[in-house]
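These notes concern the structure reproduced below.
Values below: all heavy atoms of this structure, side chains included; hydrogens, waters and symmetry mates excluded. Chain naming here is simple, since letters A, B, ... match the order of the sequence lines and numbering starts at 1 in each.
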Protein chains: 4
Amino acid sequence: MIVGLPGVGHVGKLVADHMVEALDAKKIVDIYSEHFPPQVMVKEDSTVELVGNRFYLVKTDNADLLILVGDSQSTDPAGHYKLCEIYLDFASQFRVKRIFTLGGYPTGIINEDNYVIGAVNNINMIEELKEKGIQFNPSEPPGGIVGASGLILSFAKLRNIDAACLMGTTTGYIADPKSSKVLLGKLCSILNIVVNTDALDKKITEMDSIVEKIKDSVIGQDMDEYYEQMPASDEELNYFG
Amino acid sequence: MIVGLPGVGHVGKLVADHMVEALDAKKIVDIYSEHFPPQVMVKEDSTVELVGNRFYLVKTDNADLLILVGDSQSTDPAGHYKLCEIYLDFASQFRVKRIFTLGGYPTGIINEDNYVIGAVNNINMIEELKEKGIQFNPSEPPGGIVGASGLILSFAKLRNIDAACLMGTTTGYIADPKSSKVLLGKLCSILNIVVNTDALDKKITEMDSIVEKIKDSVIGQDMDEYYEQMPASDEELNYFG
Amino acid sequence: MIVGLPGVGHVGKLVADHMVEALDAKKIVDIYSEHFPPQVMVKEDSTVELVGNRFYLVKTDNADLLILVGDSQSTDPAGHYKLCEIYLDFASQFRVKRIFTLGGYPTGIINEDNYVIGAVNNINMIEELKEKGIQFNPSEPPGGIVGASGLILSFAKLRNIDAACLMGTTTGYIADPKSSKVLLGKLCSILNIVVNTDALDKKITEMDSIVEKIKDSVIGQDMDEYYEQMPASDEELNYFG
Amino acid sequence: MIVGLPGVGHVGKLVADHMVEALDAKKIVDIYSEHFPPQVMVKEDSTVELVGNRFYLVKTDNADLLILVGDSQSTDPAGHYKLCEIYLDFASQFRVKRIFTLGGYPTGIINEDNYVIGAVNNINMIEELKEKGIQFNPSEPPGGIVGASGLILSFAKLRNIDAACLMGTTTGYIADPKSSKVLLGKLCSILNIVVNTDALDKKITEMDSIVEKIKDSVIGQDMDEYYEQMPASDEELNYFG
């Protein structure tokens, strides 16, 4: 099971959304809840869709994947607990063997090489993940992991399901498809699957061009300073992991 | 059924309140809830009225209209879900055929020609609404529709009731009766009814005079800048649509 | 029944607290609730008291008075609804005939003559209250009455108990015993009772001396400006009425 | 029973955490709740632990100690009430005779000699605690005690368990192991036990070196001013006591 809900730099959400599209996964269930924001999104055809989470299912050569994606996380602390319990109920029902929750890890550093750090609910997972290039640093992230990406690990432990949170490093200021691509690479290596990255590459090019435009408009100003002035959106601040 | 609750520029509320008065609609039910603010409004005669929502009923030549108006929306996310369920219970009870929720769409642009954009819960509605001059732009508003105006569309779909959200463009900074008049015009055209607009015209004149006074007091200052400095009220920021 | 809970300038709370002391009223019940802040107050003898509300009872020549006082109001909107229902249960149990909720009305104006404005749940009360010097201005306060002072009026109406909210005008910036004394005077006139005001007079002298000290420290600065810079406490902003 | 949950300057938490380690106390129960933040902490070995509270038990020469520690307090007011009820259920089950809740008392003053002030739920405790050097000042802290440290006192009273809140004075700006050591000293004197303070001394040295580094970086600037500019963390502001 793969979990990619909104969070820091939308790193995890971009990966999971991309996998759903690139692997042509089939939607099997919609999850709506009064713990989600009271909001609808407007689709390309001007019809509305209630904000919620969705489970997709796809068979690959090496594993059947259950992918959880969504526009939002709970708006209140208690809702996180209730929703994660529901996610795990699905995981149990589908006899999920392992769970990977995907997130971003804000470093505040621009232009750094992206890497992926991990946290697990079973110490036995670390060796394998290290071999695939996931970094494990003691007590990192220092503030813990907020939201579904973290809770799912603890809840999975109670059901004896191994789970790891994989966090792609990102500045924390903007949506970061480049970090998502690195994270996707590591995940594919762990799952031993291949996922076409064309759509993600296109998003990277788009984002590069947006950043380039911003750079032009602030020429002569230190880019790092510029980022620091940018107000991070509420959404980005509320969750990380 | 027409829904005009508080939101951006109070565009939708002004239209629905005006219709209740101009069509001399009859109040049929008061809705109170602990999800509304713990507050009473003081009426002209110094008696109080608990903050809530109200359903009005009026027969017109072309349709019986159930109109939902109110001073407030829910103070918490879960309350929106609960209240919208109640609104739809009434809609079902009155065998409502179509629902139009009214709102504002903040453009941030001053002095623009007002127009109306739409979102629907059934793609078959779009053609008819386009003919009446409603604009449909892909995935607009980009942030979705927050509050009852959006939720009602999704909840209505579950009951097979066609519903559209009609949003009058507005600056987003102040109450905007001019946008409300444009929205009312489109709505009347869709419903094939006539509504006297005298009271709304008076509100437009009043608002123009208020804006004129503000302009005088900030003479020499760029009007656009002035608006941008104005702190939008909480209410205006909380809901749009 | 008299209600004096915390609010703007603590005008109502000061009156009710003073009446409890000056009339030597007897505490008959403590109300604790998880809707109050999770907090204890420390008394003069260093023992603690859970934050809550209290009912006092006192017999006067003209009426038996049930007085509701407290350190706090509900921390959440729904709690206001639940607590006011409980207050009214007590009122019914004690066969209360009329309820006066006491509050402050922030004018933002310094050094003005204090007066008292009213709002009622039964239009028949207005004439009598006007004779006692209460002012009634159409739709004032413009933002309605927030918190228990307002809700109790609407809830009392459902039980056919006449109720009025009496609001002493105050700057809205600091605790205002002077406004409380004016409000107490009107209330005594309505109830046809006499209450010794020595303790309230002492508080006025103390507050005058505090304001005098502030004035000295900001000499040369406009006093009105000074007040405007003062951040109003959360408590004062949360409730008025 | 000793309670050391997060609060001002983490004074109480540091004392209780230190006692657990120095006395080699045994964990007997984990408390998880949807009232805690939806968050996991990452341990040194990169495994995660759900945010919660924990009871430890240790036998000393003079008393069996039940120690409550944790990473967090409730995120909502009602949760504090519910959790404190649970804490007291444990206290009753273990036939706890006395409870000491530990906290910090923000004075805003730098470099002052640390002392400990107290508040009790039974006036008979004061004399003994004064002899051990606890200060009792009328109605201090003036804002009462917020969170579990205060509520537990009132809840314990209902079960006839004597309880005191001991608050070490601290600037309120940063974690303060120096204040914790003073508080620990007084607590040991009250309980008539000895606790090795090596680990706490190390923390004091570390914190001194951090403050020294800050001082160097702001040389020429008034240190008091510097502290005042520091934004206190949310956590520190939410609870004191």
Side-chain angles (χ1 to χ4, degrees), chain C residues 5-6 10 13-14 17 21 27 29-54 69-83 85-86 147-148 174-175 199 203 206-207 210 229 231-239, chain D residues 5 7 35 73-85 87 99 101 103 105 117-127 129-130 134-158 162-167 237-241:
Chain C
L5 296 176
H10 283 254
K13 177 174 159 56
L14 281 174
D17 284 350
E21 214 163 314
K27 188 165 77 171
V29 69
D30 278 304
I31 300 180
Y32 300 124
S33 163
E34 63 181 42
H35 295 289
F36 290 130
Q39 191 176 359
V40 298
M41 301 310 292
V42 181
K43 290 192 286 191
E44 273 219 63
D45 64 3
S46 290
T47 62
V48 298
E49 185 170 55
L50 192 54
V51 159
N53 289 174
R54 294 170 289 283
V69 298
D71 331 291
S72 182
Q73 295 209 17
S74 170
T75 57
D76 62 307
H80 278 288
Y81 283 82
K82 282 167 192 155
L83 288 166
E85 199 64 38
I86 291 171
I174 44 170
K203 278 218 178 80
E206 283 169 14
M207 189 52 75
I210 288 170
Q229 294 162 12
S233 81
D234 254 22
E235 195 165 45
E236 283 167 356
L237 288 172
N238 279 340
Y239 310 113
Chain D
L5 296 174
H35 296 289
Q73 296 208 14
S74 171
T75 58
D76 62 308
H80 278 287
Y81 283 83
K82 280 166 193 156
L83 288 167
C84 285
E85 200 64 37
Y87 302 149
I99 299 175
T101 67
Y105 178 51
I117 75 158
V120 295
N121 73 355
N122 180 345
I123 203 165
N124 295 331
M125 301 180 80
I126 292 180
E127 207 46 52
L129 294 176
K130 268 188 179 162
I134 309 298
Q135 295 190 19
F136 287 89
N137 306 328
S139 307
E140 207 173 33
I145 303 167
V146 178
S149 292
L151 277 199
I152 287 175
L153 266 59
S154 285
F155 281 35
K157 199 181 177 185
L158 297 173
D162 283 357
C165 180
L166 308 179
M167 290 159 276
L237 288 172
N238 279 341
Y239 310 113
F240 67 97

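Atom CG in D:Leu153 sits 10.0 Å away from atom OG1 in C:Thr47 (nearest 0.5 Å). Distance check: C:Ser46 OG to D:Ile134 CD1 gives 11.5 Å after rounding to the nearest 0.5 Å.
Two residues are said to be in side-chain contact when any heavy atoms from C-beta on lie closer than 4.5 Å; C:Pro37 and D:Pro77 fail this criterion. Contact annotation: the side chain of D:Tyr81 never approaches that of C:Tyr32 to less than 4.5 Å [non-hydrogen atoms, C-beta and beyond]. In this structure, C:Val48 and D:Cys165 have side chains that are not in contact, with every pair of non-hydrogen atoms separated by 4.5 Å or more.
For a residue to count as touching a neighbouring chain, one of its non-hydrogen atoms must lie under 4.5 Å from one of that chain's; by this rule D:Asp76 does not touch chain C. Using a 4.5 Å cut-off between heavy atoms, D:Leu151 touches chain C through backbone and side chain atoms alike.
Atom CD of C:Glu85 sits in a crowded spot, with more than 12 heavy atoms from other residues, nucleotides or ligands closer than 6.0 Å. Within 6.0 Å of NZ on C:Lys13 lie more than 12 heavy atoms contributed by other residues, nucleotides or ligands.
The two atoms that bring D:Ser154 and C:Leu50 nearest to each other are OG-N, 3.5 Å, heavy atoms only.
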